[in-house]
Amino acid sequence: MSETPTNTLQYRLDGPEDAPVLILGPSLGTTWHMWDRQIPELSKSWRIFRFDLPGHGGAPAYPAGSVTELAERLLTTLDRLGIQRFGYAGCAFGGALGLELALRRPERLASLALIAASPRFGTADEFRQRGVVVRTNGLDPIARTSPERWFTSGFAAAQPAITEWAVQMVRTTDPGCYIAACEALATFDVRGELGLVGVPTLVLAGSDDEVTGPAEARTLVAGIPDARLAVVPGASHLVPVEQPAAVTDLLVRHFSSAWLPAFDSTTGQMAVQAPGAYPVQAAPPPVAPFAEIGPAPVVPELPGRQDPYDVGIKVRREVLGDAHVDGVLSSADAFSGDFQEFVTRYAWGEIWDRPGLDRRSRSCVTLTALVAGGHLEELAVHTRAALRNGLTPVEIKEVLLQTAVYCGMPAANSAFKIAQEVIQEETTPQE
């Protein structure tokens with residue numbers, strides 16, 4: 001067990017102290033206990049390092065708003081323990097962390113397994129909407145529906161104790177940290193960088209996973225140069241919990257045969273390890289779940305200094321949502337196109353991106369200005385934006401009460417009607 005400063009993660013270690021380190025990364029809403037049934041077998045050959053996301057499993061609630069920040073916290077934790085190189089297996093959110101490590105710190109990674117993972121998890125709108133629901137209603141609605149997303153119906157019915165354990169895991173998570181993790185997934189997108197993953201990779205998916213299933217797994221395998229695919233029958237999203245024996249066997253096979261030797265940055269060469277330095281088992285015969293997939297796509301060069309338009313379109317999407325922005329831009333024509341470019345470049349790229357005010361404050365100012373100017377046709381979209389930017393319905397109410405004093409009762413009355421309708425729509429959990 002561990003003490004946890006703000007820039008590290010809560011962790012535990014199992015297995016021989018002199019064995020190579022294998023890290024197991026959790027899914028959003030879970031704790032390191034999701035890997036309990038893999039530990040007895042994996043800890044025979046590896047030093048197993050498990051960690052909790054911030055605010056999960058009783059870990060200190062220090063929110064992290066990006067996958068990059070969480071990866072840095074993980075590396076800081078490992079540095080304090082003197083762990084330099086490791087294998088890594090991550091489920092869902094944990095898989096995003098694995099991809100981040102493979103792309104940003106490849107010299108630390110010996111081998112990788114991605115479980116129920118994706119280079120892009122759903123859409124930014126979906127995760128920001130989930131954050132709005134949690135901010136308004138707490139985690140209970142998410143907790144109650146988690147078994148439907150995580151397990152097949154047959155497993156959930158046959159294993160009521162595990163189903164209840166899953167509900168309680170989510171219910172006891174810190175809401176602020178959960179919302180921050182949703183924001184991290186909303187901005188995570190490495191589809192154009194998969195060809196840069198340079199370690200042997202196992203991509204594993206449950207056959208019945210409707211969150212990140214075989215389709216997302218095949219996208220990963222098609223993009224990562226040295227990747228193999230395994231589809232586990234009769235499993236949904238939390239494959240290690242639902243099919244523990246199959247997952248354990250696949251991980252043992254992969255990490256026993258795909259552990260890269262260390263990279264020497266001073267010589268630019270791979271060091272040749274002495275026999276026995278890493279666990280080695282006889283190569284197993286081919287098994288049905290594995291399938292080799294074709295070469296990686298060509299990765300485009302990253303641009304240099306960003307144009308204000310590029311910054312603006314990113315901010316505009318983050319604040320207003322992809323669906324709204326796509327609708328506005330698709331309806332633009334030769335007459336209105338220049339205006340939409342002007343709005344994106346200057347309003348969103350120059351003003352909304354300025355560091356002097358945070359987005360919550362900018363939403364308060366915007367709502368007030370719209371009511372004051374009588375521009376109620378824009379109020380609905382900016383009420384949604386305010387919720388996405390972190391304002392609660394109570395705070396939006398206070399902003400509109402303030403406008404009633406300084407902008408007039410009739411304007412505030414109309415604004416309340418619009419905002420009330422939007423808030424009810426956006427904060428009602430989807431069953």
Side-chain angles (χ1 to χ4, degrees), residues 123-133 135-137 182-183 186-187 308-354 356-430:
T123 68
D125 287 355
E126 291 169 358
F127 281 102
R128 293 196 171 104
Q129 170 67 16
R130 191 187 298 186
V132 168
V133 169
R135 190 176 291 113
T136 307
N137 303 281
C182 287
E183 179 64 28
T187 57
Y309 181 89
D310 296 328
V311 175
I313 197 66
K314 178 177 180 292
V315 174
R316 192 176 186 182
R317 288 183 178 281
E318 289 174 356
V319 173
L320 300 182
D322 288 332
H324 174 81
V325 175
D326 287 342
V328 170
L329 296 183
S330 65
S331 64
D333 54 19
F335 181 76
S336 62
D338 289 345
F339 174 72
Q340 288 302 325
E341 181 176 349
F342 171 83
V343 169
T344 300
R345 182 180 298 275
Y346 293 102
W348 296 101
E350 298 286 357
I351 301 302
W352 272 87
D353 195 51
R354 289 176 63 85
L357 292 176
D358 61 20
R359 290 185 185 176
R360 285 169 47 86
S361 300
R362 291 189 186 279
S363 279
C364 290
V365 172
T366 302
L367 292 176
T368 304
L370 290 173
V371 176
H375 306 302
L376 298 183
E377 71 280 358
E378 291 285 322
L379 190 65
V381 68
H382 276 282
T383 301
R384 289 189 179 89
L387 290 167
R388 291 161 65 93
N389 284 342
L391 290 178
T392 65
V394 170
E395 290 170 325
I396 293 173
K397 177 182 71 176
E398 292 301 324
V399 170
L400 296 183
L401 283 171
Q402 194 81 1
T403 67
V405 174
Y406 291 96
C407 303
M409 295 293 181
N413 182 54
S414 299
F416 263 101
K417 291 178 181 178
I418 294 170
Q420 181 180 31
E421 187 174 317
V422 171
I423 289 169
Q424 288 177 344
E425 177 185 334
E426 291 295 309
T427 63
T428 301
Q430 299 297 315

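Just so you know, these numbers use all the heavy atoms, side chains as well, and skip hydrogens, waters and symmetry mates.
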Colleague: About how many Å separate CD1 of Ile423 and OG1 of Thr428, when rounded to the nearest 0.5 Å?
Modeller: 10.5 Å
Colleague: Can you name the side-chain contact (heavy atoms from CB on, under 4.5 Å) partners of Ala332, sequence neighbours left out?
Modeller: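 For Ala332, the residues satisfying side-chain contact (heavy atoms from CB on, under 4.5 Å) (neighbours in sequence not counted) are Ser336, Gln340.
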Colleague: Could you tell me the separation between the CD atom of Glu341 and the CG atom of Leu329, rounded to the nearest 0.5 Å?
Modeller: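 These two atoms lie 10.5 Å from each other.
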Colleague: Judged by atom type as modelled, is there a donor-acceptor pair below 3.5 Å linking the side chain of Asn137 to the main-chain atoms of Val133?
Modeller: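 Checked: pair present.
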Colleague: Taking side-chain contact (heavy atoms from CB on, under 4.5 Å) as the definition, give me every residue that meets it alongside Ala412, ordered by chain and number, with sequence neighbours left out.
Modeller: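 So Ala412 forms a side-chain contact (heavy atoms from CB on, under 4.5 Å) with Thr403, Ala404.
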Colleague: Can you give me the closest heavy-atom contact between Arg359 and Trp352, atom names plus distance?
Modeller: O-CZ3, 4.2 Å
Colleague: Start with the C-alpha distance between Ile351 and Arg362, add both sets of side-chain angles, then the distance that settles side-chain contact (heavy atoms from CB on, under 4.5 Å), and finish with yes or no.
Modeller: CA-CA 10 Å; Ile351 301 302; Arg362 291 189 186 279; 4.0 Å; yes
Colleague: Measuring from Asp338:CG to Arg345:CZ, what's the distance to the nearest 0.5 Å?
Modeller: 11.0 Å
Colleague: Please identify each residue that fulfils salt bridge (Lys or Arg N to Asp or Glu O under 4.0 Å) with Glu395, with sequence neighbours left out.
Modeller: Arg360
Colleague: Measure the CG-OG1 distance between Leu400 and Thr368 for me, rounded to the nearest 0.5 Å.
Modeller: 7.5 Å
Colleague: What pairs with Glu126 under salt bridge (Lys or Arg N to Asp or Glu O under 4.0 Å), at least two apart in sequence or on another chain?
Modeller: none
Colleague: Would you say the side-chain atoms of Asn389 and Ser363 include a donor-acceptor pair closer than 3.5 Å?
Modeller: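 A donor-acceptor contact under 3.5 Å links the two side chains.
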Colleague: What class does the angle between the rings of Phe342 and Tyr346 fall in, given that below 30° is parallel, 30 to 60° is tilted and above 60° is perpendicular?
Modeller: tilted
Colleague: Asp353 side chain to Gly312 main-chain N or O, any donor-acceptor pair under 3.5 Å?
Modeller: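 No.
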Colleague: Has Arg316 got a side-chain atom pairing as donor or acceptor with Ala347's backbone, closer than 3.5 angstrom?
Modeller: no
Colleague: I need the minimum non-hydrogen distance between Val325 and Leu320, along with the two atoms involved.
Modeller: CG2-CB, 4.2 Å
Colleague: Return the minimal non-hydrogen interatomic distance between Leu379 and Val371, and the atom names on each side.
Modeller: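 Heavy atoms of Leu379 and Val371 come nearest at CD1-CG2, 4.3 Å.
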Colleague: Are any of the side-chain heavy atoms of Thr427 and Arg135 separated by less than 4.5 Å?
Modeller: no
Colleague: Please give me the minimum heavy-atom distance between Gly349 and Val311, naming the atom from each residue.
Modeller: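 Heavy-atom minimum between the residues: O-CG1, 4.1 Å.
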Colleague: Indicate the atoms forming the closest heavy-atom contact of Thr136 with Val132, along with that distance.
Modeller: OG1-O, 2.9 Å
Colleague: According to side chain to side chain donor-acceptor pair (under 3.5 Å), who are the partners of Arg384, at least two apart in sequence or on a separate chain?
Modeller: Glu425, Glu426
Colleague: Please check if the side chain of Asp125 supplies one atom and the backbone of Ala323 the other of a donor-acceptor pair under 3.5 Å.
Modeller: yes
Colleague: Would Lys417 and Glu421 pass as an ion pair if we require N to O under 4.0 Å?
Modeller: no
Colleague: Within this structure, what is the CZ-NZ distance for the pair Phe416 and Lys397, rounded to the nearest 0.5 Å?
Modeller: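 The distance works out to 7.5 Å.
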Colleague: For Thr383, enumerate each residue passing the side chain to side chain donor-acceptor pair (under 3.5 Å) test, keeping only those at least two apart in sequence or located in another chain.
Modeller: none
Colleague: At their closest point, which heavy atom of Thr344 faces which heavy atom of Ile313, and how far apart are they?
Modeller: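 Where Thr344 meets Ile313 most closely, the heavy atoms are CG2-N, 3.4 Å.
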Colleague: For the atom pair CD (Glu377) and CG (Leu370), what is the distance rounded to the nearest 0.5 Å?
Modeller: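 CG of Leu370 is found 8.0 Å from CD of Glu377.
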Colleague: So Arg128 and Thr187, do their side chains get closer than 4.5 Å, heavy atoms only?
Modeller: yes
